[in-house]
Amino acid sequence: MTVKERIIGRLNKGFGFNIPGDAKWKTHERQFSDCGGMSWYFNDMRLSHWENCGAAVPASECLKWKKWVIASGSHEIFEFFESNRAYHEDNYDLIEGE
């Protein structure tokens with residue numbers, strides 16, 4: 001299974017998304033490079049606002065994280081830490097599996 005397939009599978013299972021396997025994604029480009037940017041991200045007109053997400057770290061690194069959170073403003077994926085739960089809930093972020 002490719003890294004992309006594993007990312008899609010985890011997003012679909014953990015967030016209830018419906019990202020198809022052939023969804024377009026960009027890698028090794030810096031979306032929003034003026035503010036740090038994303039290493040990879042989905043960029044597909046068929047996807048919902050939330051499903052077009054990505055991360056500043058490589059996709060293979062994201063797969064090592066126990067739990068993910070997607071920031072409501074940037075749709076960037078971060079590693080979730082229970083100690084930050086209140087912050088994420090206050091900002092309407094999506095938490096994997098919840």
Side-chain angles (χ1 to χ4, degrees):
M1 190 178 294
T2 67
V3 170
K4 179 183 175 184
E5 290 169 333
R6 291 171 56 204
I7 290 286
I8 290 172
R10 188 158 172 186
L11 288 167
N12 287 344
K13 182 180 179 189
F15 295 94
F17 291 169
N18 193 25
I19 302 171
D22 66 344
K24 294 177 183 165
W25 80 333
K26 306 270 186 176
T27 59
H28 307 294
E29 289 189 24
R30 297 301 251 175
Q31 182 187 38
F32 311 123
S33 60
D34 58 328
C35 59
M38 291 197 200
S39 174
W40 63 271
Y41 58 96
F42 286 97
N43 185 26
D44 194 309
M45 294 294 292
R46 299 172 297 167
L47 302 182
S48 75
H49 187 63
W50 277 104
E51 291 170 330
N52 275 313
C53 57
V57 299
S60 58
E61 185 65 27
C62 293
L63 289 168
K64 296 176 186 176
W65 297 341
K66 271 186 155 178
K67 195 168 185 175
W68 294 352
V69 61
I70 302 176
S72 62
S74 65
H75 298 163
E76 185 173 349
I77 297 170
F78 295 97
E79 186 172 11
F80 175 80
F81 295 100
E82 191 63 41
S83 60
N84 293 337
R85 176 177 290 282
Y87 172 82
H88 294 302
E89 289 174 347
D90 286 349
N91 288 288
Y92 304 102
D93 298 337
L94 297 181
I95 300 171
E96 185 177 12
E98 298 181 19

Kindly indicate whether the side chain of W40, heavy atoms from C-beta on, has any atom under 4.5 Å from the side chain of I77. yes
Can you sort out the partners of R46 under salt bridge (Lys or Arg N to Asp or Glu O under 4.0 Å), two or more places apart, ordered by chain and number? D22, D44
Linking Ile, Leu, Val, Met, Phe, Trp and Tyr through side-chain heavy atoms less than 4.5 Å apart, which residues share a cluster with M1? none
Apply the hydrophobic cluster definition, ILVMFWY joined by side-chain contacts under 4.5 Å directly or through others, and give me every member besides V69. F78, F80, I95
Those residues that, when tested against E51, pass side-chain hydrogen bond (donor to acceptor under 3.5 Å, both in side chains) (two or more places apart): S48
Salt bridge (Lys or Arg N to Asp or Glu O under 4.0 Å) involving E96 - partner list, sequence neighbours excluded: R10
Compare every heavy atom of D93 with every heavy atom of Y87, then report the nearest pair and how far apart it is. CE2-OD2, 4.2 Å
Going by atom type alone, with no hydrogens or angles, which donor-acceptor pairs under 3.5 Å involve a side-chain atom of residues 55-68 and a protein atom two or more places apart or on another chain?
unit_1: K67; atom_1: NZ; unit_2: E98; atom_2: OE2; d: 2.8
unit_1: W68; atom_1: NE1; unit_2: C62; atom_2: O; d: 2.8

Atom pair CH2/CD1 of W50 and I70 - distance to nearest 0.5 Å: 7.0 Å
When rounded to the nearest 0.5 angstrom, what distance separates CD1 in I8 from CZ in R6? 12.5 Å
Nearest 0.5 angstrom please: I7 CD1 to T27 OG1, how far? 11.5 Å
Partners meeting side-chain hydrogen bond (donor to acceptor under 3.5 Å, both in side chains) with N52 (sequence neighbours left out): none
Got a donor-acceptor contact below 3.5 angstrom from the N43 side chain to the W25 backbone? no
Verify same cluster id: I19, V3 (apolar side-chain graph, 4.5 Å): yes
Should side-chain heavy atoms under 4.5 Å link Ile, Leu, Val, Met, Phe, Trp and Tyr, which residues sit in the same cluster as F81? none
side-chain hydrogen bond (donor to acceptor under 3.5 Å, both in side chains) filter on T2, not counting sequence neighbours, yields E5
